[in-house]
Amino acid sequence: MKATKLKIAAVLAVVMMTGFSFTTVEKITVKGSDTMVILAQRWAELYMKKNPGTTIQVTGGGSGVGIAALINGSTDIANASRPMKASEIQKLKARYGTLGVEIPCAKDGISIYLNKANGVSELTVKEIGQIYSGKITNWKQVGGVDAPIKLYGRESSSGTFVFFKDNVVKTDFSPACQTLPGTAAIVNAVKKDKYGIGYGGAAYAEGVKDCKVKKDDKSPAYLPTAETIKNKTYPISRYLYMYLKNRPTGAMKAYIDWILSPEGQKIITEVGYFPVK
Amino acid sequence: MKKITVAFLLLGAWMTNAQDVQEVTKRDSVKTTSIDSLKEVMNNHSAKFDGYDERLSEIGGILDKLSKIKISGYIQAQYEMYDFWSADGQNHGVNVGTATAPDYVTNSFFIRRARVKFTYEALDGVKFVLCPNFDIDRVTIKDAYVVLNDRWTNTYSLWVGQFNRPTYEIEYSSASREFAERSLMTRTLYPTERELGAKLEADFNTKYNFPLKLQLAVLNGNFGEGAASNQVKDVDNGKDFMARATYAVKMAEQGLGIDFGAHTYLGNTTVISQTIPPAEFSDVNNSKFTPVVGDKFKKELFGGEMQVYYDFLGGMSLKSEYIRGTYSGTTNAAQVNSLFNANKVRNVEGYYISLVKNVGSKHVASARYDVFDPNTKLSGDDVTTRDDLKYNTWTFAWQYYFDENVKIMACYNMPINEKSANAGADYKTDKRDNTFTLRLQASF
């Protein structure tokens, strides 16, 4: 009798666990990369128009914030302008028993913004790194006027910050770098500051000039354009990602599939980024 | 008359013009005054903005420094019910008194953990970590170490201080664990989890995208329990050595990840003093002998581990570790291991298998089966002390994530001991010693 009860309890537990495991999501929350906010909002707006039954809520905060939200369960999709770190994957494993799902959804070049009045128009990746690490502090050291360089950058929670640090600066940022809460704020600061320099997504460069970037002294300089980013001749380019806890199902899968469809990818170009397909 | 009229008109026109000019001049003067005052206001504001800029830049500098300090922590407050009974049915509960003056309790509230971890990243590649643990009656230091990361390859890091011993179950934080306690094997062989020493880590994933991690540690080898004064420095000069290698396989298409690895612990328990008359020890064959001061007994462990993660209906994991080897203990008050507290050398063996399944996004169900045999050379009635009894333990737990900071855990722990007619009255059958834990954990 006792064994029968135990068997019934075990069967019930398995049925309940399986049942609860199927979660249906009609409201999708998206959080993370500020670089991707405009793109994610456009995707959401258009998708909700076509699918009134689905609600998509998009917020920024930075890639790190988005991934942390994915791990703690407060978002369904984390947008990130950098790949997930090994330590973040470990946390996902610990909390959900999964490795997460990485979806490269767009390509982007990191523009180096200069004030339009700035005489400098091209820099090597190394020079940009030295400028941001504080080794080069005056525009005359890179062929400009004798004036101190004013640095504008992002907070450490930003994926752009991490990507730029890992691939360009490769050491600590100069303490003189003023951190601003978003790429738009950086563009705005450089627009007003004749001796300012900033970095961020190519889509944001309005009212400032893009600096041509050379891989090294001997390489030609390239502007971040659709062609140079696609063919990887522009040296500071990257993928933009969406991260999920699990393989998508239901409304989430439909939304992701739509983003990767020609219709979704078309919006990427309209916003100023570059499709992956 | 005409002349007079024209003269009046001209005079009127001149006067009107003069008035206009006066008004314009007056207006111009007002304009000039307004522009001047506006300029003044602008200059004042500009000066104020410059001042704010300066202050902001100062505050920014301070904030940058403060942002290098990270504070995290957690509290585990729990209610426990003890289904403990002595064989004669006379004593119910766990003894919170002494052996001579027992005091049994059947349930209790208990603060298991109250920890705050301070991490200060002074500059890229240097990290200081300090983690005090707050108990009702004392504050102890759990983690206290410095990490130096190599800034060139981002692969190697050197840890010096007190840190977790490198095994999977130990490094898997108590705040994340799906069960109330670690397996009996880990709690016995690696008491208090932490050790004083130095550790070199090589993580080839960061730079080379090759998921291999190597850890080599040299440790004092004290057990980490007993009087705090015995944990300050090494008690026997001899250093223990620990090594671990792990590799991760990722099959993204299948939603499958397999991590596996191995570790070893190579050390000794040294006889640092002897009693009068000299205390006897027993060896791996359970034969008595009398050691002298300076004798060393093996602590040699070899282990394997595997964790499988599968994206199946919300995610699940299967984790296992196996350890076997020779282990030694002593009753010396300076070398306390409360779960191996005898003058002995033993061949030991243990393992655990745990299954963890996410149920929806807020619930986690888990089950673990763990086995630990503290004396592989004896079994059944040949076992004469309870310390040599093998234990098979079932643990079932359910966790509910209330929000991102708070989780509730219900856990039931059922140890099943090896039966022996000669290891005490309680162990002739399976002793009733199950524990139910209801835990509330808040982390930040």
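Hydrogens, waters and symmetry mates are skipped; everything else that's a heavy atom, side chains included, is used.
In plain terms, the two heavy atoms of B/Lys357 and B/Phe312 that are nearest each other are NZ-O, 3.4 Å. Residue A/Val190 comes nearest to A/Ile197 through the heavy atom pair CG2-C, 3.7 Å, listed as atom of the first residue, atom of the second, then distance. Closest non-hydrogen pair, B/Glu404 versus A/Asn72, comes out as OE2-ND2, 3.3 Å. Between B/Asn405 and B/Phe444, the closest heavy-atom pair is ND2-CA, 4.1 Å. Heavy-atom minimum distance, B/Ser317 versus B/Tyr309: CB-CD2, 3.7 Å.
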Under the side-chain hydrogen bond (donor to acceptor under 3.5 Å, both in side chains) rule, what do A/Thr160 and A/Thr35 come out as? Steps first, then yes or no, please.
CA-CA 7 Å; A/Thr160 308; A/Thr35 304; 2.8 Å; yes

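Looking at B/Asp259, only its side chain comes within 4.5 Å of chain A, counting heavy atoms on both sides. Proximity to chain A (any heavy atom under 4.5 Å) is restricted, for B/Leu256, to the backbone atoms N, CA, C and O. With a threshold of 4.5 angstrom between heavy atoms, B/Val364 approaches chain A through side-chain atoms but not through N, CA, C or O. There is no contact between B/Lys319 and chain A, counting heavy-atom distances below 4.5 Å. The part of B/Asn205 that comes within reach of chain A is its side chain, from C-beta onward, which places non-hydrogen atoms under 4.5 angstrom from that chain.
Among A/Glu102, A/Arg95, A/Lys245, the residue making the largest number of heavy-atom pairs under 4.5 Å with chain B is A/Arg95. Your options are A/Asn246, A/Thr179, A/Val101, and the one with the most heavy-atom pairs under 4.5 Å with chain B is A/Asn246.
A distance-only check finds a donor-acceptor pair linking the side chain of A/Asn167 to the backbone of A/Phe163 [under 3.5 Å].
Checked by atom type, the side-chain pair B/Arg244/B/Gln215 shows a donor-acceptor distance below 3.5 Å.
Residues of residues 169-182 of chain B lying within less than 4.5 angstrom of chain A, judged on heavy atoms, are B/Tyr172, B/Ser176, B/Glu178 in numerical order.
Using a 4.5 Å heavy-atom threshold, the side chains of B/Phe396 and B/Met414 count as touching.
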